[in-house]
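Remarks on the structure that follows.
Atom set for the values below is all heavy atoms of this structure, side chains included, hydrogens, waters and symmetry mates excluded. Counting starts at 1 for both ligands and their atoms, following the listed order. Being a predicted model, the structure only gives us computed values, none of them experimental.
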Amino acid sequence: MTNLENYLSMWEEKIRQTVGKERVLLATSGGVDSSVCAALLSKAIPGQLVCVFVDHGFMRQGEGDEIEAAFANKPIHFVRVNAEARFLAKLEGISDPELKRKAIGEEFISVFEEEAKKLGEIPFLAQGTIYPDIIESGGKDGTLVKSHHNVGGLPDVLDFKGIVEPLSGLYKEDVRTLGRMLGLPSSLVDRQPFPGPGLAIRIMGDVTKEKLNILRQTDAIVRQELDGLAERPGQYFTVLTNTYSVGVKDNVRTYDPVVAIRAVSTSDFMAGAYTPLPHDVLARMSARITGEVSGVSRVVYDITAKPPGTIEWE
Ligand code: XMP
C-alpha cells in the first residue's frame, strides 16, 4: 500500500467517525483542492456531502459546465448557483483592482450564505486546505480557515459543529495524485492556478459582459495553443487591457483594446520568469486572436518577471 492509499483510508475513517450520519457542506470552486476534497468526502460518506458551486460568471470558456459534469456521477448533492448577473451588477462602475476584489468577495459570501440557508441545517463544513496553506497562515493544527486563498473568506455567521480538512497534510502534487486515484479528470486535477475572482481581475478597469466575452475567447485560444506544448509554462492566460489602439480590419479603421498574453515559468508562483515562448507560437496566437476575436486591435507579450511584476495584472 502506498503512503497515499494509507492517507486516504485513514481520512475516510476519520471523516466517518467525525460526522457520523450528518451532512457536510463544501464550497466548490472547481480548483484542484476543493475538487479533490469533494471526491474524497463523497467516497468516505456517500450521499452526505453538499457542494455549493457559486458560479460568479468569471470562469473560463466552458469551465462552469466542466466542473458540474465532473461531479455529476458522484454521490454528492451538487448545487450550482448561476450568479453572473448579481456579480456584474455589484461590479458595475468599479475599476480599482482592490475594490473589485473586495466587491467580489462580499458578493461571494452573500450568495454562499443565502444558498447555505436554503439547504437547512448542515452541521459540518469541509475545506480543501492543503499543508502549505496552513504554513502560510501561521497555524499548525489544521483548523484555520484559508481566507487568503478563498474568494473572500468563509462566512462567520454560519455556525458549524466542526470543520473537516482532509487535505491538510498534503502538498499540491500529492493532492493531484490523490485526485487521479479518486477518478477525477485531468482537466480538473492538472488545472493551472486560477484566481478566486476569476477573469474579473484580468480585465483592466470595469467589468462588463462584452469584455468577459472577448477575454474568454482570447484565453481559450492561448490555452489551445499552449496546452499541448512539451514544456508548458506554469501559468498562461490573456489580459484585456484598457488601452485602446488603432487598427485596420477589412480595410476599415478600428479602435479597440489591446490584449496581453502572459506566460510564466515558475515552480511556486511566488517568483518566476516570463516564458521565452517560440516566436512561431507567439505569432500564431497573435494571428488567431486578432483574426478570430472581434473587438481586439492588437496583441502584446508581457515579458515581466515576478518580482517586480505579479503574475496577475490586478
Ligand atoms: P500574483 O498575481 O500575486 O499571483 O503573482 C500568484 C498566484 O496566485 C494566484 N492568485 C490567486 N489565487 N485567489 C486565488 O486563489 C486570488 O485572489 C488570487 N490572486 C492571484 C495567481 O493566479 C498566481 O497563480
Side-chain angles (χ1 to χ4, degrees), residues 26-38 52-60 63-64 67 87 90-91 94 96-109 111-112 127-137 144-154 165 167-168 171-173 175-176 188-204 207 215-216 218-219 222-223 226-227 232-241 260-275 302-314:
L26 172 71
T28 316
S29 64
V32 179
D33 304 342
S34 64
S35 297
V36 175
C37 185
V52 174
F53 166 40
V54 175
D55 187 347
H56 45 29
F58 308 141
M59 305 299 284
R60 294 166 289 197
E63 199 166 32
I67 293 163
F87 277 89
K90 176 100 181 181
L91 285 186
I94 302 180
D96 176 81
E98 279 311 305
L99 294 180
K100 235 193 244 183
R101 277 176 178 271
K102 195 163 164 274
I104 295 169
E106 283 169 9
E107 197 59 16
F108 178 88
I109 289 173
V111 175
F112 187 79
Q127 293 201 124
T129 315
I130 68 172
Y131 187 62
D133 298 334
I134 294 169
I135 303 294
E136 281 168 33
S137 308
L144 277 161
V145 174
K146 53 175 234 175
S147 55
H148 63 298
H149 269 215
N150 286 326
V151 176
L154 280 164
E165 296 184 302
L167 309 182
S168 55
Y171 283 100
K172 198 73 168 195
E173 273 321 301
V175 175
R176 291 190 209 275
L188 279 190
V189 170
D190 300 313
R191 199 174 180 261
Q192 40 173 317
F194 188 61
L199 299 182
I201 58 156
R202 293 179 181 169
I203 292 175
M204 306 296 95
V207 180
L215 185 58
R216 256 190 211 110
T218 60
D219 177 76
V222 165
R223 286 194 292 142
L226 302 188
D227 277 352
R232 275 197 311 165
Q235 200 170 354
Y236 42 98
F237 53 87
T238 55
V239 173
L240 186 62
T241 74
I261 298 174
R262 180 84 164 130
V264 288
S265 302
T266 172
S267 52
D268 58 7
F269 301 90
M270 309 285 274
Y274 85 89
T275 307
D302 181 353
I303 57 166
T304 318
K306 173 184 179 178
T310 49
I311 293 175
E312 304 290 344
W313 276 36
E314 282 195 343

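Between F269 and ligand 1, a contact under 3.5 Å exists for no N or O pair. Between G196 and ligand 1, at least one N/O pair is under 3.5 Å apart.
Contacts of M270 with ligand 1, taken as heavy-atom pairs under 4.0 Å, are absent altogether.
Every atom of ligand 1 with a heavy atom of P197 under 4.0 Å away is listed here by number and element: 16 (C), 17 (O). Every atom of ligand 1 is numbered from 1 in the order shown, and the set under 4.0 Å from a heavy atom of P193 is 24 (O). Heavy-atom contacts of T310 reach the following atoms of ligand 1: 1 (P), 2 (O), 5 (O) (cutoff under 4.0 Å). Close approach to R101 involves these atoms of ligand 1, each under 4.0 Å from a residue heavy atom: 16 (C), 17 (O), 18 (C), 19 (N), 20 (C).
Of the listed options K306, E312, E314, K306 places a heavy atom closest to atom 6 (C) of ligand 1. Taking each of T266, I311, V264 in turn, the one with a heavy atom nearest to atom 1 (P) of ligand 1 proves to be I311.
Salt bridge annotation for R202-E314: absent, with no cationic side-chain nitrogen under 4.0 angstrom from a carboxylate oxygen. Look at E98 and K102 and you find no salt bridge, because none of the NZ, NE, NH1 or NH2 atoms lies under 4.0 Å from a carboxylate O.
Under the 3.5 Å distance criterion, the side-chain polar atoms of H56 are matched with a main-chain donor or acceptor of G196. The backbone N or O of L199 sits nowhere less than 3.5 Å from a side-chain atom of R216 that would complete a donor-acceptor pair. The closest donor-acceptor contact from the side chain of T28 to the backbone of F53 lies at 3.5 Å or more, if one exists at all. With hydrogens and angles ignored, the 3.5 Å screen pairs a side-chain donor or acceptor of S34 with a backbone N or O of S29.
Contact of the L226 side chain with the R232 side chain is not registered, since no non-hydrogen atoms from C-beta on lie closer than 4.5 Å.
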